[in-house]
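All remarks here apply to the structure that follows.
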Amino acid sequence: MKVINAVLCPGCGSLCDDNEVYVEDNKIVKVRTDCAISTSKFLNFNKDRNTTPLIRVDGELKPTTLEAAIERVARILVEAEYPLIYGWSLTSCEAQKKGVELAEEVGGVIDNTTTVCHGPSILGVQDFGEPTCSLGEVRARADLIIYWGCNPSSAHTRHMKRYSSLSKGRFRLPEQRKVVVVDVRKTPTARNANLFIQVKPNQDYELMAALKMMLQNEEIEEQEVAGVPVEQIEELAELMRSCEFGVLFFGLGLTMSEGKERNIDGAITLVRELNRWTKFAIMPMRGHYNVTGANKVFTWQTGYPYAVDFSRGYPRYEPGDTTAVDVLSRGYNDATLVVASDPVANLPKDAVKHLCSKPLAVIDPHISLTAFMADVVIPCAFVGIEEGGTAYRMDGVGMILKKVVEPPEGILPDTQILDLILKRVRELKGGR
Amino acid sequence: MFSAYTATRACGVKVIMVELKLKMKGQSVAPIEGEMLTPDNLAKKSFNEILNLETWRGNRLVKLSEVFTVEGESTSNPSDLHLIIEGDLRKVRHIGAHMSAGKITINGPVGTFVGFEMSGGTIVVNGDADAFLGMGMSGGMIEVNGNAGDAVGSGYWGTRCGMRGGLIVIKGNAGAELGCWMKDGTIKVGGNADVFAGVRMQGGTIFVAGNVGAKLGAAMTNGKIVVLGNVPSILPSFNIDEIRANTKVDGEKVQGPFYVFYGDITEGGNGKLFISVPKNAHLKYREAYLL
Amino acid sequence: MEYLLKNGYVVDPANKIDCERKDIAVKDGKIVESVDESKAKVIDVKDMLVMPGGVDLHSHIAGSKVNIGRLFRPEDHYKDYEVKKGVRRSGVGHSVPSIFTTGYRYATLGYTTVFEPATPPLKTVHTHDELNDIPILDKACFPLFGNNWFVMEYIRDGKLEECAAYIAWLMRSVKGYAIKVVDPGGVEAWKWGGTVQDFDQEVPRFGITPREIVRGLVKVNKMLGLPHPIHVHANQLGVPGNYKTTLRTLDAVKDLAAGDRPIIHLTHVQFNAYGGVDYLSLSSGADAVADYVNKNPHVTIDIGQVIFGDTTTMTADGPFEYKLFTLLRGKWANADVEVETGAGVVPITYSRSNYVHAVMWAIGLELALLIEDPWRVFITTDHPNGGPFTEYPRVFSWLMSKEARAKVLKKLPRLARARTNLKDIDREYTFYDLAISTRAATAKILGLSNKGHLGVGADADIAVYNINPKEVNPSKDYKTVRQAFAKAYLTMKDGEIVAKEGEIVSAPVGRTYWVNTKAPQDIEDAVIPEVKRLFEDYYTIRYENYYIPESYLACSAPIQPLEPAG
Ligand SMILES: [Zn+2]
């Protein structure tokens, strides 16, 4: 039995890197971690595994060769006038880079799943910037931790213990930290908080506006805001103002409630305001383990973090129009390649409807819902377990994923598959 | 209330304009680039040159004649050119981008970014317009005889500056974030406006004849928003100033009475919300805070 | 491939060649004595200016803070784009260009080596990710040490050898090149929301002063024999009156110098050469700084010239960026990094009519003109802090022409003219001076013996400009100078033509230099286990995952340290 330590977990945006993985006969037999997501990822990633390229013939997915599948994908992309290349949050930066190159080559739109999670966070950052820090700063210094519209107890299981409220830092012990949860319902995270503030759905912005009023010592003409009594808001404002180092973690509860990016505008400007009083940081709780990497790669290669339209031969960025959901729901694209994501399971109905009505290719280790609907499916190695590469943690720390087992025979990593597609696309395009 | 607009139309548009008519041929899946469809761009060109102009359909460069049937003629002066574009134009984006003069009439529903960064001239949409109408506009006029999507009169991402001048008139409803980051000019909506109307507004005027969504004027620093219909709530960062019998929008008197709120206080803002008193009885509790 | 560049006027200061008509022969990527003219590709560059490829030692081109700037400024890019064409990938400008465009635009200017001067060690995977993607250029990155817990504590406790062992371990772990110090101690203070106001003020909770950090790191740098002196962004950046802090910083290490070898490089000094007591009374402190540099060979500087227009400031100096934000109230990003450092990013528009900006503009040029020895003052804009690197040709024309400067000066606020010395400076750079400051001297101070010159054995990194140095009078024809430098007639990298008259014709992968440092084994053996133990307490990643293997670099070019000096 081989023990591999310091293995990164491709389970969530926390990208914990202290997992010990036990391998016997190219099989993971045990994982040492205290995280259920991680355990299940490492032990069950091989379930429902598809190891054969599939191609739709007469309405049915039939086994085919890798060459034939690649040929089909390449043709779909070359023939398309506005292909969409979507996904990227569950794979390595190396694959993401290939994706950008492919999108540029075929003149398509490339987008990552940010579009359905923290797109609004990015739009907020593009108006205001963001005062943030690495997670170790939170661990070392934070005495006030606010989880707003996020529930790490369930979604980022080890976040609190490794990085935030329950972590042991150089200048701060868990008992020296105060924890506040703002959410529409009493989540497991909220149950263990020092202060829980139940905000009415879609009224986060109002609450933030009230907090800013308090911080500026302005009079509010209300008894309660967003369902929260003014006294309680006062209490929170005082906690925020008087802490030594505060941090506001936020999740989809904020980005996907009414106003979206304007909520992030509200949150960032609140934290800016707080920096007049003390040191305060803000950080989105990113879900998929390398969605942050997708934003980074897209940004350094194209200038824009997501929703990049190459149809005119250079990167254009018009989120709300070049974002995958909008491309699909406006019915712009005439073909789609999905890599490392499952949009059929995640996108709005009208978007999915259009997605399935046009040629659709999928590269994924599993038969996802999207793969079921696809015209071509190419199985790939499971990045982070069967293939290495780079991934970025939610706070922007880049780390190198480990390959702990070999993929099934004949199964290539997506980076290589994309490279083969790219080569074939270039051949098909000839001089064009 | 729309008399102001009619007056502009009556005296602002020349009686005799040379008409150039483009009719959309069939349907396209891929979006079509319409940014070259401006009087500035098509003036001084012969009929044949116009037919052979290239534009993008998705990633393909296609001739204008492939996308549109073209009738009429062009003229040497963009101000004298009236472009009439017809058909289902929902996938044509950026029509009238960077336009500075002349007129475009769009008969049919139209796609995103109509009048992108335009500085002059007139665009009339007889149909619905998709999102980002008049983004980055600095002058001229857009009239929509239908509904408009989100972020009317906003600005390109990251610029922190929306519409800087001109007039946008929407007969129907407008989407969310109407006049986001707007700096100057006027937007009038005959119907309703969705949430966050006037968010981050820095100047200019927004008039909504119907109802608005929540978070009206959020984080505005200057400018004026007048709402004749219902306002579900006023942000806690706005305080009541007074009750006024009437107000003015672009020099035209609008009958009240109005609650006048000022804010956004958290931004040190000087913005003003004029909210119809009769339509918003639920805001009466704020009267207690009148000095 | 063999090349012969014929009939050009060669300016190669490292070999004391000043505008001589001379052919340059190239074979297998190197400059050679001669090539067989029948086999070589002969390129006639008659009467053109031939120089070594440009070497930029301080330009923020890659890494986490650069990418923050890119990400939060779509408005910076959307009007400035490059369409995919041949080998040239598409991309966007302007002050924070996308990565491919960065490489192409440098190559177009005739630059072939560019160093990223600030990487948080923890985020150096990111820095290498971007460096790997920069086409054409040779590059490297400088890890930040001035606020590192281990460094501060080792120095405080007088454990210099241990400090050196730690830095050696870190440098080779993350594949860094030089010791970068930014606002020593000040960034740690900022992590609590504070600042270090004085060179001798203690850093909260660490019991050490900026002075001690800088002195300690100069000593460590020597012990490790790093090819480049410590690269310092001094305290109090941007603060009126800070020229005094600058002089104290330089003087604090004077006694550590041996011989004429510089031991400290002070970077973007324009931002640290302010007189006055507040922004209303801001004046140039360039004369005092230049005077010090002229008298003290242990110092080199680069200027950090300001260009009027829109750009993006970005630095590890988080507290400075916060200050700037409180003045401008626009976008502000801050990104503190555990244990090591921080970062801030704030966009800015430098305006001619703004008194402060006008003074800043003058100070940069004053430094370049008042420091007599071009081997010790280098032209930078601290890209993109003072302005984008694409504006270098403009800076060259200002330095080469009093008339060009006068034209700008005329448009500045009168008070700004009065409180600076630029109007009284007659000096004009020659092509020779320019080649020293942008090539020969930067290569030398970086310790790159194959760069910055055209002698036999040098890397065939060559820039040819379509300007006749014998005929053109830069003093008068400054526009011609600017145009010629904006678009090299030809840029060669490792003996391959990469750019020709603004077109990218090939895009090879450039090297990434790093220094394979090593401290004495016994000390490393004692230090590394201790670092490893503390690592688990300090960091949120595992010690093992901190290490970046050499294979991670697209083209690794390790450099052996120098023999430690005396
Ligand atoms: Zn710098």
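Each chain gets a letter, A, B and so on, in the order its sequence line appears, and its residues count up from 1.
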*Go through the steps for A/F171 and C/W149 under the test ring-ring contact (aromatic ring centres under 6.0 Å, His included), then give the verdict.*
CA-CA 12 Å; A/F171 304 119; C/W149 290 354; 5.6 Å; yes
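Within residues 320-329 of chain C, the residues approaching chain A closer than 4.5 Å by heavy atoms are, in numerical order, C/Y322, C/F325, C/R329.
Between chain A and the options C/G93, C/S64, C/G330, C/P97, the largest number of non-hydrogen pairs under 4.5 Å is found for C/G330. Contact tally against chain A (heavy-atom pairs below 4.5 Å) for C/V96, C/I99, C/I541, C/V337: the top residue is C/I541. Of the listed residues A/F280, A/W300, A/F128, A/Y314, the one with more heavy-atom pairs under 4.5 angstrom with chain C than any other is A/W300. Contact tally against chain A (heavy-atom pairs below 4.5 Å) for C/Y547, C/Y538, C/W332: the top residue is C/W332. The candidate with the highest count of non-hydrogen atom pairs below 4.5 Å against chain A, out of C/V346, C/T102, C/V92, C/T124, is C/V92. Chosen from C/D133, C/V83, C/T540, C/V125, the residue pairing most often with chain A at heavy-atom distances under 4.5 Å is C/T540. Counting heavy-atom pairs closer than 4.5 Å to chain A, the top residue among C/Y539, C/Y552, C/Y78, C/Y543 is C/Y552.
In summary, the side chains of A/R177 and A/S167 do present a donor paired with an acceptor at a separation below 3.5 Å, with no hydrogens or angles considered. At a cut-off of 3.5 Å, with distance as the only test, a side-chain donor of A/N295 or A/T114 sits close to an acceptor on the other residue. With 3.5 Å as the limit, one finds a donor-acceptor pair spanning the side chains of A/S134 and C/E338.
Enclosure of atom NZ in A/K403 by more than 12 non-hydrogen atoms of other residues, nucleotides or ligands within 6.0 angstrom is indicated.
In terms of modelled atom types and a separation under 3.5 Å, the side chain of C/H383 and the main chain of C/S59 share no donor-acceptor contact. The main-chain N or O of C/F100 is never found under 3.5 Å from a side-chain atom of C/S98 such that the two would form a donor-acceptor pair.
A/M394 is listed as a side-chain neighbour of A/M285, based on a closest heavy-atom distance under 4.5 Å. Looking only at side-chain heavy atoms (C-beta outward), A/V271 and A/I268 stay at 4.5 Å or farther from each other.
Both the backbone and the side chain of C/R89 come within contact range of chain A, each with at least one heavy atom under 4.5 Å from a heavy atom of that chain. Looking at A/E130, the atoms closer than 4.5 Å to chain C (heavy atoms on both sides) all sit in the backbone: N, CA, C or O. When heavy atoms are compared at a cutoff of 4.5 Å, C/D76 does not approach chain A at all.
Of all the heavy atoms in A/M399 and A/L15, the pair that sits closest is CE-O, 3.7 Å. Looking at every heavy atom in both residues, C/V339 comes nearest to A/E137 through N-OE2, 3.9 Å.
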